[in-house]
*Asks:* 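Following this message is one structure expressed as structure tokens.
All chains are named by letter (A, B, ...) in the order of the sequence lines, taking the proteins before the strands, and each is independently numbered beginning at 1. All values below were derived from every heavy atom in this structure, side-chain atoms included, with hydrogens, water molecules and symmetry-related copies excluded.
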Amino acid sequence: MRPFTYTRATDVTSAIRLLSQNPNARFLAGGTNLLDLMKEDVERPSTLIDISELGLTDIKSIASGTNKDGVTLGGLGKNTDAANHPLIRQHYPLLTQAILAGASGQLRNMATNGGNLLQRTRCPYFYEVAMPCNKREPGTGCGAKDGINRMHAIFGWSDQCVAVYPSDMAVALAALDAVIIVRNAGGQERRIPILDFHRLPDNQPEKDTNLVHGELITAIELPQNRFADKSYYLKVRDRASYAFALVSVAAALETEGNTIKQARIAMGGVAHKPWRALKAETMLVGKEATEANFKQAADAVMAEAKPLAHNAFKVELGNRSIVLALQMAMKGGKI
Amino acid sequence: MDEHESPELTEDEKRLFADLMPEDLNEILDTGVNRRHFLKLMTLAGGGILAAQSAVAEQLLTRPSNAPSPTELAPVSLDNAVNVSFKVNGTARKLTVDSRMTLLDALRERLDLTGSKKGCDHGQCGACTVMVNGHRVLSCLTLTASCEGKTVQTIEGLAQNDKLHPMQEAFLKHDGFQCGFCTPGQICSAVAMLDEAKKGQVSYVTENVRQTTGPAKLSNEEIRERMSGNICRCGAYPNIVAAIQEVYNGKPVEQIFRSV
């Protein structure tokens, strides 16, 4: 690890000011991804501003006590606490399942909600500093595009970058229409819908998100919905646990009898950001919740896939995963 | 370059060699070997395989010639020193550490608590698991600097004098280890995990996460999932699961190695 200065921030305002004054400074919260990247020499901050003692950990109903208008999660709350909070388990079980599908008990005890959104790709060409990588060092090329790209994107990639975004939590947040609340050095708050938070690589894969340097994620807002009875997070990976997704699907349905009133489908492990299948969702509205209709929706999603040399299997896998996740959602998300 | 050519190393290169491969230095100077060896080494360093050493190389090669060699440097020279006061296994400790020092390194190198093991050093194996403020975490991804005012418990803090913690007893009874390297992390993780279950925390394999009453019920599948961050033997090693079941249930579980 390269030398850096370490500062403990004492309040939100001064933490944001410190960060915005120094383009090479980074916030340190859980540290589970940042420290790993520093050990690999991928991240080289000159200063770490430890924000882990700033509070911002509350989970509360927006309209107090009623859950009428949704729930907010503090940006610095731990993943474990978010997954296990009674409000989340009761009203957003999809989010609980997604968080618990990621990482391990130890990591979830450390990782924060805001930090989870900001974790960087685990593309091995990004991690290995001897390899070319446009995300790590713009202009050096992409080792993965014509390299070993079994784990990589099938949607939304560019010639510059084919990496996938690793978070499970964010995939559920995408299905739940979450809003990310950030604060800047001027004290202003900005509300960023989750689908606008992460970027596709285009010609700037080094930019993972639309966050501006100097902004802090203070909270994640979850609007009220009627998906709690019928949702499921399916994660398909190379081993049963503690591995990144080959493909994951966050599925949520609101039904009347067997007729679908609203549907949500978001995928992980397939793109540079959580991949929300808006067209397929619309297709399902008004239809019966049958395997045939689920299959039709899945076909529509995967028809747009552009697999690379080693990940064509993700097309069929994604197709079946969408159908299974929707079926599991209909069963109330129980395993 | 011709294979038989062996031009001499420069002074800077000799110093670098002395730092990286002291045991080979004399041979290299005596035989005039082997610029190719050196260049190969440097290529590896540039390739990131010796990334840590390459930082050293950079310093050595840019150091003015009258600078002291590494062995003459003061024994304690800390970059970006940070003072930390925290409690480790019930004892208050004060340390001044390099800002880069992980909790794992502070425990092992500064406090002589070598139970916590450095396995992968990247948060992937769980051998370094300790409890900070009662929660199991990975000490290899925790900066010591961030532990100010916190409470740390390691494997050394589990036994009370000569009396082992029940989880330690159960691991012994069920032979829950082979080489034992991952065992301290497994045991710390298991102790904290039972506490999590007692608080009603759920896991990815919990059938109904919306059911919020009472402690979590731990099937073998639940134990495997919850222990999956301790990756040595995949968290599924039957003897470890049996040991944890015994402590969880508070009654003897059959020893698997006797039943087969």
*Asks:* Is A/Glu43 salt-bridged to A/Arg120, going by a charged N under 4.0 Å from an acidic O?
*Replies:*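 So A/Glu43 pairs with A/Arg120 through a salt bridge.
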*Asks:* What's the shortest heavy-atom distance between A/Val249 and A/Ala325, and which atoms?
*Replies:*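 Between these two residues, the closest heavy atoms are CG1-CB, 3.6 Å.
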*Asks:* Just give me the residue among B/Asp79, B/Asp121, B/Asp98 that pairs up with chain A most often, heavy atom to heavy atom, under 4.5 Å.
*Replies:*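 Answer, by heavy-atom pair count under 4.5 Å with chain A: B/Asp121.
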*Asks:* Charged N to carboxylate O below 4.0 Å: is that the case for B/Asp105 and B/Arg100?
*Replies:*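 Salt bridge: no.
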*Asks:* Does any N or O in the side chain of A/Gln119 come within less than 3.5 Å of the main-chain N or O of A/Asn116, such that one atom is a donor and the other an acceptor?
*Replies:*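 At least one qualifying donor-acceptor pair exists.
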*Asks:* Between B/Ser146 and chain A, with a heavy-atom cut-off of 4.5 Å, which part of the residue counts as in contact: side chain, backbone, both or neither?
*Replies:*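 Both the backbone and the side chain of B/Ser146 come within 4.5 Å of chain A.
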*Asks:* Please flag which part of A/Thr5 lies under 4.5 Å from any non-hydrogen atom of chain B: side chain, backbone, both or neither.
*Replies:*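 Interface part for A/Thr5: both.
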*Asks:* Answer with side chain, backbone, both or neither: which region of A/Asp50 has an atom nearer than 4.5 Å to a non-hydrogen atom of chain B?
*Replies:*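 It is the side chain, since no backbone atom gets that close.
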*Asks:* Given the options A/Lys78, A/Met38, A/Met131, A/Lys235, which has more heavy-atom pairs under 4.5 Å with chain B than any of the others?
*Replies:*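 Maximum pair count with chain B is reached by A/Lys235.
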*Asks:* Report yes if some heavy atom in the side chain of B/Leu158 is under 4.5 Å from a heavy atom in the side chain of B/Gln153; otherwise report no.
*Replies:*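 Yes - at least one pair of side-chain heavy atoms lies under 4.5 Å apart.
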*Asks:* Could you state the interatomic distance from OG1 (B/Thr144) to CZ (B/Phe86), rounded to the nearest 0.5 Å?
*Replies:*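 Reported value, rounded in 0.5 Å steps: 6.0 Å.
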*Asks:* Taking CD in B/Gln211 as the centre, count heavy atoms belonging to other residues, nucleotides or ligands within less than 6.0 Å. Is the count above 12?
*Replies:*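 Atom CD in B/Gln211 is not crowded, with 12 or fewer foreign heavy atoms closer than 6.0 Å.
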*Asks:* Hey, which of A/Ser104, A/Pro3, A/Ser241 has the most heavy atom pairs under 4.5 Å with chain B?
*Replies:*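 The candidate making the most pairs under 4.5 Å is A/Pro3.
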*Asks:* Check this for me: does any side-chain nitrogen of one of B/Lys150 and A/Glu53 sit under 4.0 Å from a carboxylate oxygen of the other?
*Replies:*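 A/Glu53 and B/Lys150: salt-bridged.
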*Asks:* Under 4.5 Å from any heavy atom of chain A, what part of B/Val82 do you find: side chain, backbone, both or neither?
*Replies:*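 Contact with chain A: side chain only.
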*Asks:* If you count heavy-atom pairs under 4.5 Å with chain A, which of B/Val205, B/Thr142, B/Leu143 comes out on top?
*Replies:*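 Answer, by heavy-atom pair count under 4.5 Å with chain A: B/Leu143.
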*Asks:* Chain A: which of B/Asn208, B/Leu138, B/Thr212, B/Thr206 shares the most heavy-atom pairs with it under 4.5 Å?
*Replies:*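 Most heavy-atom pairs within the cutoff with chain A belong to B/Leu138.
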*Asks:* Is chain B contacted by the side chain of A/Asp229, its backbone, both, or neither, given a heavy-atom distance below 4.5 Å?
*Replies:*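 Both parts, backbone and side chain.
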*Asks:* Which residue out of A/Glu40, A/Gln97, A/Arg8, A/Arg239 racks up the most heavy-atom pairs below 4.5 Å with chain B?
*Replies:*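 Going by pairs under 4.5 Å, I would pick A/Arg8.
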*Asks:* If you count heavy atoms of other groups shown closer than 6.0 angstrom to NZ of B/Lys199, is the number above 12?
*Replies:*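 Atom NZ in B/Lys199 is packed in, count exceeds 12.
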*Asks:* Need one label for A/Ala228: side chain, backbone, both or neither, based on atoms under 4.5 Å from any heavy atom in chain B.
*Replies:*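 For A/Ala228, the contact with chain B is made by backbone and side chain together.
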*Asks:* Which region of A/Leu28, side chain (C-beta onward) or backbone (N, CA, C, O), has a non-hydrogen atom less than 4.5 Å from a non-hydrogen atom of chain B, or is it both or neither?
*Replies:*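 It is the side chain, since no backbone atom gets that close.
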*Asks:* What part of A/Leu34 lies closer than 4.5 angstrom to a heavy atom of chain B: side chain, backbone, both or neither?
*Replies:*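 Neither part, no heavy atoms under 4.5 Å.
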